[in-house]
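Note: hydrogens, waters and symmetry copies are ignored here, and every other heavy atom, side chains too, is used. We count residues from 1, following the sequence as given.
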Amino acid sequence: MRNIPFIIIFAYISLLFGGNEETGEKHYPGNSLNSSGYPVYTLLNINNFSAWISDDGMSGYNPVNNTAGVIYPRGTANIIFQDGFIWGGFARDGKEPSLRVGGQTYNVGTQPGRILSVGVPQDLSDPRVRIYRIRRDWQTAPDNDLRRDAAELSNGR
């Protein structure tokens, strides 16, 4: 139990400075579609907040022009350059419980798709491996609201 603070600090430093080696085709910058022809990044627009999100978990990075990707208030200034979620917990897999941490900070620690079984990721060429942008009111939203979303997505603010 006395080693827990050390383990947490070590895990944080490993995530911060340890890289996920990029293999294969990557979509930053310029390549906006995966091998199945679907988008690999999109904007999350909520109220007066706008943020770029990628299918591999990267967020807060604008892949179109390589700048900060979180804008607040929408249409004004960038406030965050690349962020992410980190999670952790004790794994109880038949051995002594151990602390495990995952996610991303400045380096991406995840990949698109889901894990089908232990150690078996989903095939990246599967058309379901993509990022989805959902706007429930797309049929009834005011035209100027939809135009604003489209302009921000194409970086045409």
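- Without hydrogens or angle criteria, N62 side chain to V64 main chain gives a donor-acceptor distance under 3.5 Å.
- Taken from OG in S98 to CZ in F90, the straight-line distance is 8.5 Å, to the nearest 0.5 Å.
- Taking a 6.0 Å sphere around CG of D137, one finds it holds more than 12 heavy atoms contributed by other residues, nucleotides or ligands.
- The salt bridge (Lys or Arg N to Asp or Glu O under 4.0 Å) pairs that include a residue from residues 64-79 are R74-D149, R74-E152, where partners are two or more places apart or lie in different chains.
- At a threshold of 4.5 Å between non-hydrogen side-chain atoms, the residues V40 and I131 do not count as touching.
- Annotation: salt bridge (Lys or Arg N to Asp or Glu O under 4.0 Å) contacts involving residues 99-108, sequence neighbours excluded, comprise D93-R100.
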Stepwise side chain to side chain contact (heavy atoms under 4.5 Å, CB included) test for N45 and R133
CA-CA 10 Å; N45 295 335; R133 180 183 163 106; 3.4 Å; yes
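- Of all heavy-atom pairs between V108 and Q104, the closest is CA-CB, 3.7 Å.
- Between R148 atom CZ and D143 atom CG the span is 15.0 Å, to the nearest 0.5 Å.
- Smallest separation of non-hydrogen atoms from D83 and G60: OD1-N, 3.4 Å.
- In this view, Y72 satisfies the ring pair (Phe, Tyr, Trp, His ring centres under 6.0 Å) rule with no residue, not counting sequence neighbours.
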Begin from the C-alpha positions of R136 and W138 and carry the test side chain to side chain contact (heavy atoms under 4.5 Å, CB included) through to its verdict.
CA-CA 6 Å; R136 294 179 189 205; W138 66 272; over 6 Å; no
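- Expressed to the nearest 0.5 Å, how far CG of L44 lies from CD1 of I53 amounts to 5.0 Å.
- For the pair G57 and T110, the tightest heavy-atom approach, listed with the atom from each and the gap, is CA-OG1, 4.0 Å.
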Could you walk me through whether R135 and D145 pass salt bridge (charged side-chain N to carboxylate O under 4.0 Å, His left out), step by step?
CA-CA 11 Å; R135 179 159 178 163; D145 201 26; 2.4 Å; yes
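- Side-chain contact between F81 and Y61: present, with at least one pair of heavy atoms (C-beta onward) separated by less than 4.5 Å.
- Put simply, the side chain of I86 reaches to within 4.5 Å of the side chain of V101, judged on heavy atoms.
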Using the rule given for side chain to side chain contact (heavy atoms under 4.5 Å, CB included), can you reason through L153 versus T42, listing the C-alpha separation, both sets of side-chain angles and the distance that settles it, and then say yes or no?
CA-CA 7 Å; L153 189 60; T42 192; 3.8 Å; yes
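- Taking all atoms of both residues into account, the shortest heavy-atom contact from P112 to D56 is CD-CB, 3.7 Å.
- Following chains of ILVMFWY side-chain contacts shorter than 4.5 Å, one can reach Y41 starting from L43, so the two form part of one hydrophobic cluster.
- Shown here for I115 and G119, the closest heavy-atom pair between the two residues is CG2-N, 4.3 Å.
- Closest approach of Q82 to T105, counting heavy atoms only: CG-O, 4.2 Å.
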